[in-house]
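Take a look at the structure below.
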Amino acid sequence: MSDRIASLSITETGNIHRFDVVIIGAGAAGMMCAAVAGQLGCRVVLIEHYTKVGEKIRISGGGRCNFTNLHCRPENYLSENPHFCRSALARYRPSDFIELMERYGIAYHEKARGQLFCDGSATQIVAMLQQECAAGGVQWSMPTSIREISRQDEFRVVTDRGVLSAPALVIATGGLTVPKIGATPFGYRVAAQFGLSVVNPQPALVPLTFDASFLGSFGALAGVSVEAEVSCGNGRFRDQLLFTHRGLSGPAILQVSSYWHPGDDLVIDLLPGQDAERWLLEQRSSRQRLDNALGASWPRRLATAWCELNDCARALNELPEKRLREIARDIRAWRVSPAGTQGYNKAEVTRGGVDTRELSSKTMAAQRVPGLYFIGEVVDVTGQLGGFNFQWAWASGYAAAQAIALARQGA
């Protein structure tokens, strides 16, 4: 498809090219919006500053792209306005994207908890979206640098390939995650230019780092994982927790990281679904060492390190009942204090973004700037781990495209 993109590119420097909509950002949301708008009769140009299209799709899910989740609900999203995502998600569901995949013969499977992945390569999804854009007559301009955006009667986008004009402008530039594949704060700057507020962006779905004290006890456990229930604020997740040379990771930590703010503690249940106190008290007459007993449920190295830290690496019958109750409490609610995150290079998504109070939840259009739309990760809607962020990209892109096509018909 790269040859096709090159042949469709806008190349006549200095000329003005008029379209119904200019879409900036050829990621998941941008390509979905372009394809739908084009197939609804709009003249569309899709601009991308990076040299490759859909790179975040390509590298996601270990190269197989967790493209949606069967159990997608508004409750799976974090935003300062938690109801904002409802309208778009209701109008473009996981079943709609699955139908598109099946039309192209792309095989997929459910990995766990409704998470759907390609059987083959994520590049199949990129190619599918490119073909959908081609079906809508979408023109491409990439790699293209934007020099200026202005608005009078229409939006005027000055690029290094020429000047583009359209009554509608869609910002689908994503967040700040993975800067090595082109992430920039461009979308936030456009919002600020037009007077829209932005919720402070932060890395999300990201490993957490810890101080030297924590690493002194657990840093040597890098690579060890255990099932745990981790909570912070309104987030509570039961999944695998992974020790790393910098702190903690794994699905449970990535999930809860979206709810963590500097200064917050995490509360970790290391025996989820079990009554730790009852289990310990039932064994209080045992000669077995506590670390050996815990080793039946935890990796041995974790049991050893945890008991040494808590000064309880002794036989169970040597530990008073009061102490056993304290140990049970600590197992059930181990409180740890992250020092920070591993940042945007390791984050899967950006929390925060264009304030949803500035946008229509039905159309994704700016309330105070007619014709300006924001979709996908650039908006303050952050999905949980498991395909929810891609579903938001598809749904928000579809919502904006529908609105743009309807506005064109009424023009």
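The figures here come from the full heavy-atom set of this structure, side chains too, leaving out hydrogens, waters and symmetry mates.
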### Between Ser197 and Glu358, a side-chain donor and acceptor under 3.5 Å
yes

#### Entry: Sub-4.5 Å side-chain heavy-atom contact between Ser258 and Leu205
yes

### Message
When you compare the side chain of His49 with that of Met142, does any pair of heavy atoms fall below 4.5 Å?
### Response
no

#### Entry: Donor-acceptor contact present, side-chain Thr350 to main-chain Gln202, <3.5 Å
no

### Query
Do any N or O atoms from the side chain of Thr177 and from the backbone of Ala347 form a donor-acceptor pair under 3.5 angstrom?
no

### Message
Between Thr304 and Asp291, is the side chain to side chain donor-acceptor pair (under 3.5 Å) condition met? List the steps.
### Response
CA-CA 6 Å; Thr304 299; Asp291 47 350; 4.6 Å; no

### Query
Is Glu282 salt-bridged to Arg278, going by a charged N under 4.0 Å from an acidic O?
yes

### Query
What's the spacing between Gln283 CD and Leu281 CG if we round to 0.5 Å?
10.0 Å

### Test item: side-chain donor near acceptor, Gln39 and Glu132, under 3.5 Å
yes

### Query
Pro299 and side chain to side chain contact (heavy atoms under 4.5 Å, CB included): which partner among Val224, Leu221, Leu294?
Val224

### Task
May I have the step-by-step check of side-chain contact (heavy atoms from CB on, under 4.5 Å) for Val379 and Ser396, ending in yes or no?
CA-CA 10 Å; Val379 178; Ser396 60; over 6 Å; no

### Query
Is a salt bridge present between Arg329 and Glu326, judged by a nitrogen-to-oxygen distance below 4.0 Å?
no

#### Entry: Asp380 side chain to Thr356 side chain, donor-acceptor N/O pair below 3.5 angstrom
no

### Summary
side chain to side chain contact (heavy atoms under 4.5 Å, CB included) with Val349: of Leu176, Leu78, Thr382, only one passes, and it is Thr382

### Query
Testing Gln391, His71, Gln384 for side-chain hydrogen bond (donor to acceptor under 3.5 Å, both in side chains) with Asn76, which one passes?
Gln384

### Query
What distance separates Ile23 CD1 from Ile171 CD1, expressed to the nearest 0.5 Å?
10.0 Å

### Query
What about Phe390 and Trp394, are their ring centers closer than 6.0 Å?
yes

### Query
Has the side chain of Gln240 got a donor or acceptor atom that lies under 3.5 Å from a matching backbone atom of Gly250?
no

### Message
Looking at Ala122, is its backbone amide N or carbonyl O close enough to the side chain of Arg64 to form a donor-acceptor pair, meaning the two atoms are under 3.5 Å apart?
### Response
no

### Query
So Val230 and Phe237, side-chain contact (heavy atoms from CB on, under 4.5 Å) or not? Walk me through it.
CA-CA 5 Å; Val230 187; Phe237 302 94; 5.7 Å; no

### Task
Locate the shortest heavy-atom distance separating Val378 from Gly187; write the atom from each residue and the value.
CG2-CA, 3.9 Å

### Query
To the nearest 0.5 Å, how far apart are CG in Asp355 and CD in Gln367?
11.0 Å

#### Entry: Phe186 side chain reached by Ile24 side chain, heavy atoms, under 4.5 Å
yes

### Query
Any side-chain heavy atom of Glu80 within less than 4.5 Å of one from Arg357?
yes

### Query
So, are Arg287 and Glu318 salt-bridged, with charged N and O less than 4.0 Å apart?
no

### Message
When you measure from the side chain of Trp298 to the backbone of Glu227, do you find a donor-acceptor pair of N or O atoms at a distance under 3.5 Å?
### Response
no

#### Entry: Under-4.0 Å salt bridge between Glu348 and Lys56
no

### Pairwise side-chain contact, Leu89 with Cys72, heavy-atom cut-off 4.5 Å (strictly under)
yes

### Query
Are Asp96 and Arg91 close enough for a salt bridge, meaning some N to O gap below 4.0 Å?
no

### Query
Going by heavy atoms in the side chains, are Tyr77 and Pro82 under 4.5 Å from each other?
no

### Query
Under 3.5 Å, side chain of Asp160 to main-chain N/O of Thr144, donor-acceptor pair present?
no

### Message
Can you tell me how the ring of Phe117 sits relative to the ring of His109, calling it parallel under 30°, perpendicular over 60° and tilted otherwise?
### Response
parallel

### Task
Go through the structure and list residues passing ring-ring contact (aromatic ring centres under 6.0 Å, His included) with Phe84, not counting sequence neighbours.
none

### Query
Given the rule in the side-chain contact (heavy atoms from CB on, under 4.5 Å) test, do Glu321 and Arg284 qualify, once you have shown the distances and angles that lead to the verdict?
CA-CA 7 Å; Glu321 181 177 322; Arg284 63 182 179 271; 4.2 Å; yes

#### Entry: Sub-6.0 Å ring centroid separation between Phe97 and Tyr108
no

### Query
Given the rule in the side-chain contact (heavy atoms from CB on, under 4.5 Å) test, do Ile327 and Leu319 qualify, once you have shown the distances and angles that lead to the verdict?
CA-CA 10 Å; Ile327 293 168; Leu319 295 165; 4.0 Å; yes

### Query
Is a side-chain N or O of Arg103 found less than 3.5 angstrom from the main chain of Leu100, in a donor-acceptor match?
no

## Note on the structure
Heavy atoms of Cys118 and Ile106 approach each other most closely as SG-CG2, 4.3 Å

### Message
Test your reading of the model: is there a side-chain donor-acceptor pair from Arg113 to the backbone of Leu70, 3.5 Å cut-off?
### Response
no

### Query
Do the rings of Phe214 and Trp334 sit parallel, tilted or perpendicular, given the 30° and 60° boundaries?
parallel

## Note on the structure
Output for pair (Leu302 CG, Ser225 OG), nearest 0.5 Å, gives 10.0 Å

### Message
When you measure from the side chain of Gln193 to the backbone of Ile149, do you find a donor-acceptor pair of N or O atoms at a distance under 3.5 Å?
### Response
yes

### Task
Could you tell me whether the side chain of Arg161 and the main chain of Pro143 form a donor-acceptor pair under 3.5 Å?
yes

Let me check something: any side-chain donor-acceptor pairs from residues 306-314 under 3.5 Å, sequence neighbours excluded? List them with distances.
unit_1: Asn310; atom_1: ND2; unit_2: Trp306; atom_2: O; d: 2.8
unit_1: Arg314; atom_1: NH1; unit_2: Asp311; atom_2: O; d: 3.2

### Message
Pair Phe374, Tyr188 - check ring pair (Phe, Tyr, Trp, His ring centres under 6.0 Å), show working.
### Response
CA-CA 10 Å; Phe374 292 84; Tyr188 309 138; 9.2 Å; no

### Message
Give me the atom names and distance for the closest heavy-atom approach of Met32 to Tyr398.
### Response
CG-N, 4.0 Å

Sequence neighbours left out, cut at 3.5 Å: what donor-acceptor pairs do the side chains of residues 266-273 make with other protein atoms?
unit_1: Asp269; atom_1: OD1; unit_2: Leu271; atom_2: N; d: 3.0

